[in-house]
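Since the structure comes first, as structure tokens, the remarks are kept for the end.
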Protein chains: 2
Amino acid sequence: MKRAKQVTIYDIAKNVQVSPATVSRALKDHYSISKETIQNVKKAAKQMGYFPNTPASSLRSKKTNTIGVMVSRINRPFISTLISGVEEVANSKGYHVFIAQSEDMTQKEISNARAMFSARVDGLIVSLAMETHDYGHFDVFLDSGTPLVFVDRVPANMAADKVVVDNYEAAFKMTQHLIEQGCNRIAHFGGAQHRDVYRLRKEGYLAALKQHNLPIDESLMIYSNLGAEEGLEMTQRLFDLPVPPDAIFSANDTAAVSAIQFAKDKGIAIPKELAVAGFNNDRLASIIAPALTTVANPAFDLGKAAASQLFAQREENDMVASNTTVLKTELIVRESSLKKGR
Amino acid sequence: MKRAKQVTIYDIAKNVQVSPATVSRALKDHYSISKETIQNVKKAAKQMGYFPNTPASSLRSKKTNTIGVMVSRINRPFISTLISGVEEVANSKGYHVFIAQSEDMTQKEISNARAMFSARVDGLIVSLAMETHDYGHFDVFLDSGTPLVFVDRVPANMAADKVVVDNYEAAFKMTQHLIEQGCNRIAHFGGAQHRDVYRLRKEGYLAALKQHNLPIDESLMIYSNLGAEEGLEMTQRLFDLPVPPDAIFSANDTAAVSAIQFAKDKGIAIPKELAVAGFNNDRLASIIAPALTTVANPAFDLGKAAASQLFAQREENDMVASNTTVLKTELIVRESSLKKGR
DNA sequence: TTTTATTACGCAACCGATTGCGTAAAATAT
DNA sequence: ATATTTTACGCAATCGGTTGCGTAATAAAA
């Protein structure tokens with residue numbers, strides 16, 4: 001690979017007969033440069049095929065105009081929608097977005113964090129890997145004063161900016177809905193319990209059970225990464241039980257959809273014999289038959305809020321230790337849980 | 001936002017009592033540095049919390065160890081899986097991936113291309129926006145000798161490296177399959193026809209019709225962005241026809257799924273009255289009932305191939321003008337098209 | 001007309017790592 | 001013992017913008 005010589009501000013300077021400093025300023029409409037010079041410089045720049053050298057600029061100015069986003073994986077509707085929200089805000093402020101996937105591996109997350117810091121991103125938005133429970137790899141951002149915001153899968157016991165939804169409340173309402181539909185043996189598919197999102201969903205579920213004086217049965221609570229495969233396995237386990245459940249509240253749609261598939265495959269009637277509810281409201285949820293009752297998770301707004309909060313940090317009072325934004329969710333009732341009709 | 005002073009190789013140099021040059025070399029195991037010094041330097045670096053300054057390194061070395069990926073949008077299963085393929089190869093070579101979305105807007109694509117070049121990515125992988133038909137914004141990569149590979153949605157009439165699937169053949173086989181199932185009025189949902197992927201799918205479809213002496217009816221071919229909404233509208237249009245089709249071959253699964261939804265909604269029997277086939281094999285395809293017949297599009301492998309080809313370009317003989325890799329697809333027959341059984 | 005303010009630009013240091021070239025010291029060869 | 005090679009490192013320029021400070025020229029104020 002050969003690289004041709006590239007046009008620099010020095011080339012433009014020579015061409016327009018001004019100093020490189022003037023070119024630099026002219027290109028960003030600095031107030032002290034005359035309109036005429038600005039015009040000349042810009043015209044020459046365009047005509048010569050000039051492209052600013054971002055690394056050079058970043059080195060000197062200590063600003064990269066880039067924010068990083070670290071997620072488990074982008075090929076999930078919820079995540080990619082969230083990222084779009086981040087991009088909307090970032091782009092509107094002239095920033096670009098650097099995306100990294102951990103694939104739910106803490107090691108990759110650590111490596112990604114190093115890379116993000118080395119790239120000197122101006123801010124970082126993070127949704128944690130499933131098993132991460134030590135947050136030391138983010139210290140360098142805190143120490144250096146780089147804005148840092150966690151979203152969705154946020155760390156427990158860490159004073160940091162966070163953006164989440166009302167997981168507890170949503171789970172409570174959903175469970176209550178299932179109870180109202182006549183279910184009294186409700187199972188739960190959860191994620192890693194040190195991950196707040198999943199812990200809170202379980203706690204909301206438990207609280208609803210308690211409030212309605214339903215027994216709590218540990219064998220009905222199963223934890224996994226909530227993938228499609230795991231969804232099938234978890235459902236299998238439930239139906240291997242002496243007394244299977246009459247409802248499943250899954251912490252995500254992916255696993256809930258698998259449960260429906262399992263049931264259809266085994267001839268278990270939904271929602272009559274088994275009501276199913278999910279979380280997120282992926283497109284899948286409305287397409288599967290019967291359509292899946294779920295919680296609308298405002299992915300796009302979560303991304304927007306996280307980015308906004310990130311930019312807010314830059315102007316913020318140093319006295320503010322941390323800030324948590326909670327967004328609202330919405331119960332979406334569909335056929336998969338309607339034993340009684342509305 | 002305040003930024004604390006950050007550790008540089010100069011700080012390490014002072015600490016270890018060697019020159020910055022030696023630190024720089026030690027950190028990358030340069031052969032001319034003694035093992036002892038390397039150890040000392042690395043220990044000090046870790047202990048002092050050193051993180052390399054990527055912009056500085058990039059500026060001097062003219063290598064960013066980053067490749068760019070430009071796509072329409074990441075929240076599509078096909079695209080995000082493709083990106084994972086790119087990442088696998090890139091990461092294994094120590095490169096990071098910069099992702100940008102055009103949202104199918106040529107203007108955004110142009111702006112993204114500028115940003116990518118300014119960032120001085122070491123290579124660029126592109127899947128074009130739907131309407132892009134002028135490729136001038138990629139000239140700067142060609143001129144500068146930056147490796148450039150198009151994937152999936154590749155440009156027509158441009159001598160560039162490309163990675164695609166056998167769209168024509170796949171479409172031909174699919175259409176033939178529908179004909180064998182007894183369909184003789186087959187509609188087609190296509191994308192923009194200046195986009196090779198979509199043009200070839202249509203041509204494969206047409207070729208199969210011709211070979212089986214079926215009439216070609218322009219009113220049965222509808223073009224759009226193939227989103228979920230568009231899928232419904234297109235199906236509506238088909239059923240507004242005096243004589244509706246008895247099959248639809250859609251250029252993607254998203255629109256095909258919409259067609260099935262439409263049919264179910266209107267009480268049109270699938271596949272009896274209407275056979276439906278898609279393209280891509282998204283998870284949706286296997287979940288909707290009846291399950292969707294489709295073409296398995298090797299998204300992950302496309303990504304891997306594109307990245308491999310990108311890296312290959314760097315060592316390549318300058319005589320090679322361009323190179324096109326074609327990957328194989330596979331017909332996935334499911335209930336949505338099985339009028340006769342297998 | 002002299003003084004002060006404003007406008008428009010240049011100088012040169014700087015950001016942090018990389019690298020071609022040079023060299024002292026130690027090792028090996030003659 | 002002298003010459004040659006190898007090892008291990010330092011010097012200083014360099015990458016391409018950015019920016020604090022200084023200043024000549026022109027305009028406005030006194």
Side-chain angles (χ1 to χ4, degrees), chain A residues 3-42 44-45 48-66 114-115 117-122 144, chain B residues 3-42 44-45 48-66 114-115 117-122 144:
Chain A
R3 280 241 166 164
K5 174 89 174 70
Q6 286 170 21
V7 181
T8 72
I9 56 171
Y10 293 89
D11 301 323
I12 299 178
K14 214 165 293 175
N15 190 312
V16 187
Q17 308 265 39
V18 293
S19 75
T22 298
V23 173
S24 173
R25 293 186 172 110
L27 287 173
K28 37 193 49 157
D29 295 302
H30 191 276
Y31 71 97
S32 82
I33 307 297
S34 72
K35 309 190 183 337
E36 197 194 332
T37 304
I38 289 183
Q39 284 233 340
N40 292 338
V41 167
K42 286 189 174 173
M48 298 172 73
Y50 170 77
F51 284 82
N53 186 310
T54 307
S57 168
S58 300
L59 171 59
R60 176 58 225 247
S61 68
K62 294 185 171 302
K63 292 184 60 245
T64 54
N65 284 306
T66 299
R114 299 186 71 85
F117 190 81
S118 288
R120 298 298 193 268
V121 292
D122 291 333
S144 67
Chain B
R3 280 243 166 162
K5 175 88 173 66
Q6 285 168 22
V7 182
T8 71
I9 56 170
Y10 294 89
D11 301 322
I12 300 178
K14 214 165 293 173
N15 189 312
V16 187
Q17 308 264 41
V18 293
S19 76
T22 298
V23 173
S24 173
R25 294 185 172 113
L27 287 173
K28 39 193 46 155
D29 295 302
H30 191 276
Y31 71 96
S32 83
I33 307 296
S34 71
K35 322 216 168 317
E36 196 194 331
T37 304
I38 290 183
Q39 284 235 340
N40 291 338
V41 167
K42 287 190 175 174
M48 297 172 73
Y50 170 76
F51 284 82
N53 186 311
T54 308
S57 168
S58 300
L59 169 60
R60 177 59 225 248
S61 69
K62 296 187 171 304
K63 292 184 61 244
T64 53
N65 283 306
T66 299
R114 299 187 70 84
F117 190 81
S118 288
R120 298 298 193 269
V121 292
D122 291 333
S144 67

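Only this structure's heavy atoms are used, side chains among them; waters, hydrogens and symmetry mates stay out.
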- 5' priority, DNA chain D, between Leu59(B) and Ser19(B) [closest heavy atom]: Ser19(B)
- Between P of dC15(D) and CD of Gln6(A), the distance in whole Å: 13 Å
- Task: Give one of base, sugar-phosphate or nothing for Val18(B), where a contact means two heavy atoms less than 4.0 Å apart.
- Result: sugar-phosphate
- Message: For a quick test of reading the model: is some side-chain N or O of Lys62(A) closer than 4.0 Å to OP1 or OP2 of dC14(C)?
- Response: no
- Query: For the side chain to side chain contact (heavy atoms under 4.5 Å, CB included) test, which of Thr8(A), Asp11(A), Val16(A) pairs with Met48(A)?
  - Reply: Asp11(A)
- Item | Degree of bending in the helix from dT1(C)-dA30(D) to dT30(C)-dA1(D) once both end axes are built from five pairs, to 10° | 40°
- Message: According to side-chain hydrogen bond (donor to acceptor under 3.5 Å, both in side chains), does anything in residues 33-42 of chain B pair up with another residue at least two apart or in another chain? List the pairs.
- Response: Asp29(B)-Lys42(B), Ser34(B)-Thr37(B)
- Note on the structure: Tested for side chain to side chain contact (heavy atoms under 4.5 Å, CB included) against Thr64(A), the lone hit among Pro55(A), Ser57(A), Ser58(A) is Ser58(A)
- Item | Sugar-phosphate only, base, or nothing, as touched by Ser57(A) at under 4.0 Å among non-hydrogen atoms | sugar-phosphate
N/O contacts under 3.5 Å, protein versus nucleotides 19-29 of chain C?
from, atom 1, to, atom 2, distance (Å)
dG20(C), O6, Arg25(B), NH2, 2.6

- Task: Mind checking Thr37(B) for me? I need base, sugar-phosphate or nothing, with any heavy atom below 4.0 Å counting as a touch.
- Result: sugar-phosphate
- Looking at side-chain heavy atoms only, is the closest gap between Arg120(B) and Thr54(A) below 4.5 Å? no
- Item | OP1 or OP2 of dC9(D) under 4.0 Å from side-chain N/O of Ser34(B) | yes
- Query: Taking only residues at least two apart or on different chains, which pairs with a member in residues 14-28 of chain B satisfy side-chain hydrogen bond (donor to acceptor under 3.5 Å, both in side chains)?
  - Reply: Ser19(B)-Thr22(B)
- Message: The criterion is ring pair (Phe, Tyr, Trp, His ring centres under 6.0 Å); which residues satisfy it with Tyr50(A), sequence neighbours excluded?
- Response: none
